[in-house]
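One structure below.
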Amino acid sequence: MTSTKITNQKIAKLFDEIALYLRAENVQFKPQAYEIAAENIISLEEELSDSYKKCGKKCIDEIPGIGKSMVEKIEELVQTGRLKYYDDLKKKYPFDMLALTSIQDIGPKTALTLFKKLKIKTIDDLLSAAEKGSIAKIPSMGVKTQRNVLRGIQFLKASSGRRIIHQVLPLAQNIVKKLQNISGVTHIDIAGSLRRKKETIGDIDLLATTTNPKQLIKTFTSLPEVEQVLEVGPKKAMVRYTFGMQGDILILKPSEYGAALIHFTGSKEHNILLREFAIKKKMKLSEHGLVHGKKIIAAKTEKQVYTALGLQEIPPEIRVGADEIKLAQKHKIPELIPYDSLKGDLQVQTDWSDGDSSIEEMALAAKNYRLSYIAITDHTQSLTITNGLNEKRLLEQGKEIDKLNKKLKNFRVLKSTECDIKKDGSLDLSDRALKTLDVVSVSVHSNRKMEKNAMTERIIKAMKHPFVHIFFHPSGRIVNIRDGYEIEMDKIIKAAKEYHVALEVNGSERLDLHEKYIRQAVELGVKLVINSDCHTQTHFTNLDFGIGQARRGWATKADVLNTKTVDAFLKAIKK
DNA sequence: GCCGTTTTCGGCCCGACTGTTTTCAGTCG
C-alpha cells in the first residue's frame, strides 16, 4: 500500500488523457469509453479510494461506464498511485497532451503532429514555434492555423475557467433581457450547462429565432458587455465578455427550434444516449429534427421530439446521460419541484450575528420575494468570529421576534438557530434555550479536519438530539472554494431517516447537498428543505439555485418541507 | 472498452465549419 492518496479528480484526468492519446492514434470507440468513465468519475461525490476501501472492486464495478478493464486500472491506481498502461503511453508520447489540447482548434491529432514534426511538448514550446513561423511550414497546416494557435493561447491565458452559476446566470439573464425586445425576435433562450443549472459554467450559449437576424447579431455583438467579437456570421456570433467569459448566439429556424434546443442544451452524454435510442427505434436525431426515413417527424418543440421517441419530456436539469432516458421510457420521471414553489426560508442570518440587516429588514425582503415565513438562524456562541448568540441573547432575540410577529401581516418569523455542533457532537446551546425555538437547525463550522468516522459519529450524535429538526449544509463544501469535510454521507442520510431530521439543500455558493445525495435521500424518503443561507436582503435569489440543485437531484415538491405553509411545515417537522 | 427490451458479440451520435485541400481530415458543440 502507498501513502499517496489518489483522488477522483486525478483518475478522471488520467482517463481523459488516455482518451486523447487513443484518439491521436485513431483508435476506434475506446476513447469514448474512457471519456464517459472520466465524466462519471468526476460526478461521483465519494472518493473511489474510499469506495474501494469499503467494498473493493464491487463498488467500482457498479459505476456506469466502468467495466472489468477499468476496474483493474482504478484498483492499480488506488493501490499504487500509478498506472502502467498510462505510463507506457506517456513514454511513447512525452508531451503535455492535456495542455496542448486545451487550446482551441488543437485536438489530439494536431497535438501529435506538432510533437512529431517540431518536438513541441508544452504550450510555451508551441508559442515560440508559432512566433517563429514554423507551424505554418508543416504540411497540412498554414498561416491561418498558426494565427489561430496564437489566438487560442492568448484566450487560454486570459480566461479563468469555470465559474459558479451564481455569478453567471444573472449576467446571462441580463443579456437575454436586452436582446428579447429587439424587433423580430420570437424566441431567445439560454442553453448549455446554464440551462441545466450545473454548479459551474464554462460559457454562455444563447439560441434565438428572429425574422431579422441581421439586427439581432448586430445588437448581440455590440452590447456594452462585449469586450471582443471573436466570430460573426449571418446566423452565428461568438464574443468575449468583459467579465471574462465567452458567449455565443445561434439563430435557428422556428421549425427546428425544439431539436436544436435539445442539441445545444446537452449534456453531450444525454444527446449521445438519445441518438442511440433513436437509432434503435429506426429513427435519426440531429439538431435539425427527428427523422424517420426521409421524413422529419418532430423538430419544433422539445416535447414533440421526446414524445415522438416514445419518451416523457425530460427536464434539462436531469439530462446528464445516466438513467433518465430509461426512466422516461417507462414514464417514471417524477414531476420535479417547480421554481417559485417555496413558501418559506429556514436559514436567514441577521445583524444579531454575521448578517448585515435587522430581523425586520430580512422579513420584509423575504415578503417582497413572495415568501410567507422565514426562520431566523443566527450563529451560536462558540462561533465567536460571527458574534454568535449565547443563551441570553437568543432569549432576547425571541422577544424581539414575538413583537415583530404582532406587527407583520400575512407573514411569520420563526425563532430558530444555526446551532453549532461541537467537536464531541454536543450542541452549542442548552436544551432550555433550544426549547424556546420553533425550529432547531444544526451544522458544523469548526474542527473540520476530523477523521471520517469520528466526523460521521459527531454529526449523527447531534441528529439524534430530540430537539433537532434540520441539518444544514451537510457536506461543508463551497463550490470552487473548498471541498467538504470527510464524512460518510450514506450513514448521514440513513440517520436523517431514522431520527426524522430534514437535510438542507443550501442554495448559496455552497450548493450543498450534492445532487447525488439529494437523489439518494429522496429515494429513501428523507425530507429536504431548500434554503438561501442569506446574510443580506438581496440573497433570497439563492433559493432558485437551491431549487435548481434539488431538481438535479430528482426532488419533487412533496420531498421539500418548505413548499408547505408555515403551519403545515411546523407540523411536518414534529418528532 | 463498455454494454444489453433486437445482442454476452457486435455494435458504438450527428452535422457544421475551417483550413487545407482537389475530395477531406480534424475539431467542436
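Each chain gets a letter, A, B and so on, in the order its sequence line appears, and its residues count up from 1.
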Is the shortest distance from a Lys or Arg side-chain nitrogen in E225(A) or K178(A) to a carboxylate oxygen in the other one below 4.0 Å? yes

Starting at atom [atom1] of [X], determine the distance to atom [atom2] of [N], rounded to an integer number of angstrom.
| X | N | atom1 | atom2 | result |
| --- | --- | --- | --- | --- |
| K268(A) | dT27(B) | NZ | P | 13 Å |
| I103(A) | dT27(B) | CD1 | P | 12 Å |
| F277(A) | dG11(B) | CZ | C1' | 17 Å |
| E25(A) | dG1(B) | CD | P | 12 Å |
| L273(A) | dC14(B) | CG | P | 13 Å |
| I272(A) | dC13(B) | CD1 | C1' | 6 Å |
| D205(A) | dG29(B) | CG | C1' | 8 Å |
| Y86(A) | dG1(B) | OH | C1' | 19 Å |

List in chain and number order the residues that pass ring pair (Phe, Tyr, Trp, His ring centres under 6.0 Å) with H187(A), two or more places apart in sequence or in another chain; answer none if no residue qualifies. Y257(A)

Between F29(A) and D203(A), just flag the one whose closest nucleotide in DNA chain B comes earlier from the 5' side. F29(A)

If the [atom1] atom of [N] is compared with that of [M], how far apart are they to the nearest Å?
| N | M | atom1 | value |
| --- | --- | --- | --- |
| dC14(B) | dT7(B) | C1' | 24 Å |
| dT23(B) | dC28(B) | P | 26 Å |
| dT8(B) | dG4(B) | P | 13 Å |
| dC17(B) | dT21(B) | C1' | 15 Å |
| dC2(B) | dT6(B) | P | 23 Å |
| dC13(B) | dG19(B) | P | 28 Å |

Please determine, for dA25(B), whether a Watson-Crick or G-U wobble partner exists with both distances under 3.5 Å, and give it or none. dT18(B)

Across nucleotides 2-10 of chain B, 5' to 3', mark each nucleotide with B, S or - according to how protein heavy atoms within less than 4.0 Å reach it. SSS-B----

Quick tally for nucleotides 15-26 of chain B: nucleotides whose base has a protein heavy atom under 4.0 Å get B, sugar-phosphate-only ones S, the rest -, giving SS--SSS----S

Can a donor-acceptor pair be found, under 3.5 Å and without considering hydrogens, that links the side chain of D205(A) to the backbone of A191(A)? no

What disulfide (SG to SG under 2.5 Å) pairs are there with at least one residue in residues 45-97 of chain A, not counting sequence neighbours? C55(A)-C59(A)

Mark yes or no: K119(A) above the aromatic ring of F115(A), with NZ or CZ under 6.0 Å from the six-membered ring centre and no more than 45 degrees from the axis. yes

In terms of the angle between their ring planes, are Y93(A) and F95(A) parallel, tilted or perpendicular, with boundaries placed at 30° and 60°? perpendicular

When the ring planes of H270(A) and Y306(A) are compared, do they come out parallel, tilted or perpendicular, using 30° and 60° as the limits? tilted

After noting the C-alpha distance and the side-chain angles of E25(A) and K92(A), does the key distance pass the salt bridge (Lys or Arg N to Asp or Glu O under 4.0 Å) rule? CA-CA 11 Å; E25(A) 288 184 326; K92(A) 202 158 137 200; 2.7 Å; yes

Could you name each residue pair satisfying side-chain hydrogen bond (donor to acceptor under 3.5 Å, both in side chains) that touches residues 95-115 of chain A, not counting sequence neighbours? N26(A)-K109(A), Q104(A)-Q246(A)

What residues, two or more places apart in sequence or in another chain, satisfy side-chain hydrogen bond (donor to acceptor under 3.5 Å, both in side chains) together with S134(A)? none

So what does L22(A) hit on the nucleic acid, given a heavy-atom distance under 4.0 Å: a base, only sugar-phosphate, or nothing? nothing

